[in-house]
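Here is the structure we will look at.
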Amino acid sequence: MLRLRAFRGTNDKIVKLAVHPTHPWLVTADASDHVSVWNWEHRQVIYELKAGGIDQRRLVGVKLEKLAEGESEPKGKPTEAIRGGSVKQVSFFDDDVRFWQLWRNRSAAAEAPTAVNHLTSTFASPAPSTKGRHFLVICCENKAIFLDLVTMRSRDVPKQELDNKSLLCMEFLSRSSAGDSPLVAFGGSDGVIRVLSMMTWKLVRRYTGGHKGSISCLMTFMASSGEALLVSGASDGLLILWSADHGQDSRELVPKLSLKAHDGGVVAVELSRVIGGAPQLITIGADKTLAIWDTMSFKELRRIKPVPRLACHSVASWCHPRAPNLDILTCVKDSYIWAIEHPTYSALTRPLCDLSSLVPPQVVAPNKKLRVYCMVAHPLQPHLVATGTNVGIIVSEFDARSLPPVVPLPTPPGSREHSAVYIVERELKLLNFQLSNTTNPSLGNNGSLSETGKLKGDSLESLHVKQIKKHISTPVPHDSYSVLSISSSGKYLAIVWPDIPYFSIYKVSDWSIVDSGSARLLAWDTCSDRFAILESALPPRMPILPKGSSSRKAKEAAAAAAQAAAAATAASANVQVRILLDDGTSNILMRSIGSRSEPVVGLHGGALLGVAYRTPRRISPGAATAISTIQSMPLSGFGSSGSFATFDDGFSSQRSPAEAMPQNFQLFSWETFQPVGGLLPQPEWTAWDQTVEYCAFAYQHYVVISSLRPQYRYLGDVAIAYATGAVWQRRQLFVATPTTIECVFVDAGIAPIDIETRKMKEEMKLKEAQTRAVAEHGELALISVEGPQTATQERRTLRPPMLQVVRLASFQHAPSVPPFLSLPKQYKVDGDDTTMLKEMEERKVNEIAVGGGGVSVAVTRFPTEQKRPVGPLIVVGVRDGVLWLIDRYMTAHALSLSHPGIRCRCLAAYGDAVSAVKWASRLGREHHDDLAQFMLGMGYATEALHLPGISKRLEFDLAMKSNDLKRALQCLLTMSNSRDVGQDNPGLGLNDILNLTAKKENLVEAVQGTVKFAKEFLDLIDAADATAQVDIAREALKRLATAGSVKGALQGHELRGLALRLANHGELTRLSGLVNNLISLGLGREAAFSAAVLGDNALMEKAWQDTGMLAEAVLHAHAHGRPTLKNLVEAWNKVLQKEVEHTPSAKTDATAAFLASLEEPKLTSLSEAGKKPPIEILPPGMSALSASITVKKKPAPVTQTSQPQSKPLALEAPPTGPASAAVPGTPIGAPPSDAPDATPGTPIGAATPDAPAVAATGAAPASEASEPALVEEAPNSSTGSNPDLIASAEMNPATSASDTEVPDSAVINKPLAEVPPVTPDSQETSISSTLTRSQPFV
């Protein structure tokens, strides 16, 4: 029945063991007196020390600490140098231990019918006493060691300070007032109990006159009268009660009551909580007996011998829903954990588990038997049991997913009293619970005032709950483990006993049985009173092992026979669907669902019926490959195969996902009984929303959340591990785990399928309306009258799904200020501790502040975690504004949801966003941004705009989302400080920019702010254009045009976008001003683009010419037949010629220059130098400038080779084929000739056998509307070029027509200008950046 959770092997046997209630820590002591603290969750040792002898590491550490604090060497021997002796007890002590010790004692006493009122009322959290420290306390014979696990400082108290008597056991005494220091009581070898203060480290009290022998065990508990008691057991066999109430500060206390408990001495004592009765004491003694005592009369209720011939050494009170009748666990020196069934009645002892079957076989030697020496049950998680054995520490887990046998009933409308049905033994009972009248759920625990009138913001108190348990006359047939469930209508209650197997369905109105039979599993339909059962024949029951040892072969044979019978029964079981009609009769709808041959191992109800099948252990490689193909698994989301992790037991190697998560879960329709979708991994439980909008599938380490409407869609998974159950509440999923209570806020967002579905629904509604109109009024009803119709087009943007997890409750105490921050020398205080408490109170950060008008304002984003009730829980849901839970003891608990950070989110998830905004006034404004982001994720952007504390940046986003563009403009003007810019003048003139004085600093800030939010301005303009809000767009355009006038302010793409929007709005004056300013600033490319948008060819040409971009100007003039073409070409060629002549050589290396001079052609005479032709680069089809000037009547042909000076030097595009020479004077883009070599007059950049062709290495993509990189540019023309879009080319140095030496640096790596689009009617014209030779440029 148990499975292994964690194991740590040791060489010596573990004899002492203690577990921390909230942290995953175990402290153990072995037979050699070595103490170690082990984190069983992460399987690592936190601390180790040798407590029996002298631990040298601690000794050195203490000396170093004293030297660091400037203390002189003490004369005497330090206490760390004293040998500890045998370890008698180990324990933890901190605020968590203290709180849960008080909680256990108080809740056990409150079960009694005669309990006083202050016990049944709210349990007030004690004031923190350890101030953030976690003590490890080790009780040795010769001294007690107090080690702080936070600071690693320690304090040793030798027995000389405790009357020089050996210390044998210890217990922590609780004191309620805040000024009291923690006390620890030590049982001595002389029968005296001595109490030590952990603040002064002095002896403060003695309990004398009771025992004659050495004290072996101590425990505190609370009587039903509310009195705190201390019980002690000793070797004289006496059980003595002492008063642990410290109202009277007497130094000598005498016993209240003495009982003879066991012959030979008392070994251990334990407190047992009884449902509906006073707590009981359980004692074990050296006489091999176990006794149960009533704490009201202190009479012996029962005495048994759990295991014959063996004495018990450990006992634990236990309460687990999977075994409702097993109340006591005990251990003897064998390999079993023994459980006692019905201790006060039949008192049957049965082995709960054989630990030797849990540990790995290689741990236990063949000739060695496993022996248990100590055992402890986890105080807050009853499914965990830790045992110390001769092979190591074993942490066992016992069915953590079992829930208490209780189910809530639907609350009638308008009623504040809620009810639930539960089973105790063979009785069906009703639990009525409601909030007490003394509490106000709207205020909750966050504004509660203590007796002193001080706000208790740091300690959350539970809400007062009034509850009554009533009997129902109808008995139930079995007292074994049961599972309760309620139908969707709340009219029928189903009870299943899986171990019998048997089920019964009761009608809630009169508790009559309407259906019953043999079934192990039952699942309800969410939408109607239908249910499915797994009916099966009665399997043979497992034989109960006798108390003594039996032969291994007999046990193995019995287990094998039972397993075979169970397998045969399971194979013959069928999933059957039945329906309950209004008259209370049950009818079978489907006798068998599914055609699979595997046995059914699970049923999950909901909007769809989920059936889980047993899969074989071994999976073939082909099946494993198919299973591991996560694409076929819808629940896996976006192909994250790693999200399905295995259960890590600490020994087996990581298995593959195929073995870890076999796909054995099939969903079926309740209507057609046909499969829906493919196979999924089997979830541990499923939760479906009542409105069938969302569902949650829980796996071991996460919970998968999906949307169901308009179709199934994976939303995401949340990392909530080991979840035991959950309840949906309108886009809120309240999840319970063994240690926490979580709330998941869910919203599906808006997907494309949602928009399509909405359109289809609107079309269907329109068709239905038309059909109805035709049916009523005939065809004339379809005639529509044309008129002014204001059709507001609603913008529905896509919104991603949102999942947010908030932890509501946990076991851990609210963290206080760490000691090393508040009290540097905490161990040096010898006086009263009131000054320390004052310092601590001053340093605390209260959760509540009082705002204007006396309204309590929460200054934290979320409340501090409330205390989770102990043990497995049933989540009832949210009623009366609080979250209700029911625990294993059938007690209702209420968790407050009144903190504004939680309350606002719950209201928004419920759909009441207006109330959420109203509640936000109680939340600190610094948290409004976070709340607004949450509301935006929930789809309430418009409502989130009303939050008063949101930032301007978020306000702008929300206004854009909610189409409130006027508010978005105001936010943008505020953020950019541009409210006073662009009011009168259409743009910022150049003179204004150049003559900025100190008086215009705000103008500079406005321009800088506008530049910072340029993208937001453009988005706002587009949104305003889309919704025809011209005024808003123009206001934004004014600011953006002002910023565009400043050099370097806006990027090129932003300037182009600005020009387009100015033209779109008809701002031609502002646009022409922008062009002139851009020309003045040297931004030729952007100026030409703006002029092109404006449609002014002359202005466009002027932009290029004035900014030195002559190449673009020439091409534009040639393309459009401009009369300025000749002048532009001459100016361009002059610039190029000047660049060639006067550009210095970049070669500074003498050797390289010399070698280059040898290769370059030499000039033979000065006359040849005069024949050097001028540089002429012409557009295609234009005759040479020299020919047109010198010989006007007879222009020289382009192909003539007799006059080298008249041949133009054309620049070609990169070739697409093999490099070949070009004929002299070949125009740009002309087809290549067959001449193999370059003749005189070869154009610049023409391909020769020795020279590579021109390569446009930096050509811009076609989407940027770039033109061919055709020509070189003068140095001053680069100012108007965009560096991102400049193409470079490599030119051959030896390209001159003559032998004249040309500096090669003048023609290498020159930036090539590009021509922007010149078509006015086209915004972006894409021209290929490279032209092949066969494509003439037109």
Side-chain angles (χ1 to χ4, degrees), residues 981-982 984-995 1007 1010-1011 1014 1017-1018 1021 1033-1034 1036-1117 1119-1120 1122-1124 1127-1128 1131 1264-1267 1273 1276-1283 1285 1313-1325:
V981 177
D984 301 321
N985 54 340
L988 192 61
L990 178 63
N991 294 329
D992 294 334
I993 299 169
L994 298 178
N995 299 325
V1007 170
T1010 308
V1011 169
F1017 271 106
L1018 292 172
I1021 294 168
R1034 284 183 177 171
L1037 269 174
K1038 290 178 185 178
R1039 275 77 183 177
L1040 207 54
T1042 302
S1045 304
V1046 181
K1047 180 178 180 180
L1050 296 179
Q1051 301 292 330
H1053 66 92
E1054 294 170 345
L1055 286 168
R1056 289 193 290 273
L1058 172 61
L1060 287 172
R1061 287 162 178 82
L1062 284 172
N1064 185 36
H1065 281 265
E1067 298 278 350
L1068 303 183
T1069 307
R1070 201 179 294 273
L1071 181 56
S1072 60
L1074 175 67
V1075 174
N1076 293 326
N1077 287 334
L1078 291 176
I1079 293 174
S1080 304
L1081 298 171
L1083 302 177
R1085 187 181 307 275
E1086 285 73 21
F1089 180 83
S1090 302
V1093 173
L1094 193 58
D1096 191 340
N1097 286 333
L1099 191 59
M1100 192 171 167
E1101 198 170 284
K1102 180 176 180 294
W1104 279 320
Q1105 189 173 0
D1106 291 356
T1107 54
M1109 301 174 64
L1110 296 174
E1112 287 85 347
V1114 168
L1115 288 175
H1116 176 264
H1120 289 270
R1122 300 283 298 165
T1124 55
N1127 296 333
L1128 288 174
E1264 294 292 333
S1266 59
E1267 270 63 41
E1273 245 187 301
N1276 61 351
S1277 67
S1278 63
T1279 59
S1281 303
N1282 193 344
L1285 304 175
E1314 297 174 3
V1315 183
V1318 295
T1319 333
D1321 56 345
S1322 173
Q1323 296 178 2
E1324 292 186 4
T1325 306

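Just so it is clear, the values below take in all heavy atoms, side chains as well, and ignore hydrogens, waters and symmetry mates. Only a predicted model underlies this, so the values are computations on that prediction, with no experimental measurement involved.
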*Do I1021 and L1040 come close enough that some side-chain heavy atom pair is under 4.5 Å?*
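They are in side-chain contact.
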*Validation row: T1010, T1042 side chains within 4.5 angstrom (heavy atoms)*: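 Side chain of T1010 against side chain of T1042, heavy atoms only: no contact under 4.5 Å found.
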Could you pull out the closest heavy-atom pair between [X] and [Y], with the gap in Å?
{"X": "V1011", "Y": "A1043", "answer": "CG2-CB, 4.0 Å"}
{"X": "L1128", "Y": "A1117", "answer": "CD1-CB, 3.8 Å"}
{"X": "L1058", "Y": "A1041", "answer": "CD2-CA, 3.8 Å"}
{"X": "A1103", "Y": "A1087", "answer": "CB-CB, 3.8 Å"}
{"X": "M1100", "Y": "A1088", "answer": "CG-O, 3.7 Å"}

*Who passes side-chain hydrogen bond (donor to acceptor under 3.5 Å, both in side chains) against Q1105, sequence neighbours left out?*
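Q1105: no side-chain hydrogen bond (donor to acceptor under 3.5 Å, both in side chains) contacts found.
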*Listed by chain and number, what are the side-chain hydrogen bond (donor to acceptor under 3.5 Å, both in side chains) partners of R1122, not counting sequence neighbours?*
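For R1122, the residues satisfying side-chain hydrogen bond (donor to acceptor under 3.5 Å, both in side chains) (neighbours in sequence not counted) are E1101.
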*State the CZ-CG distance between R1061 and L1018, to the nearest 0.5 angstrom.*
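Spacing of CZ (R1061) from CG (L1018) equals 4.5 Å.
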_Qualifying residues under side chain to side chain contact (heavy atoms under 4.5 Å, CB included), relative to A1059, sequence neighbours excluded_ =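 Side chain to side chain contact (heavy atoms under 4.5 Å, CB included) list for A1059, sorted by chain: L1071, F1089, S1090.
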*Evaluate the side chain to side chain contact (heavy atoms under 4.5 Å, CB included) criterion for residues N1097 and H1116: first the C-alpha distance (whole Å), next the side-chain angles of each, then the deciding distance (0.1 Å), finally the verdict.*
CA-CA 9 Å; N1097 286 333; H1116 176 264; 3.6 Å; yes
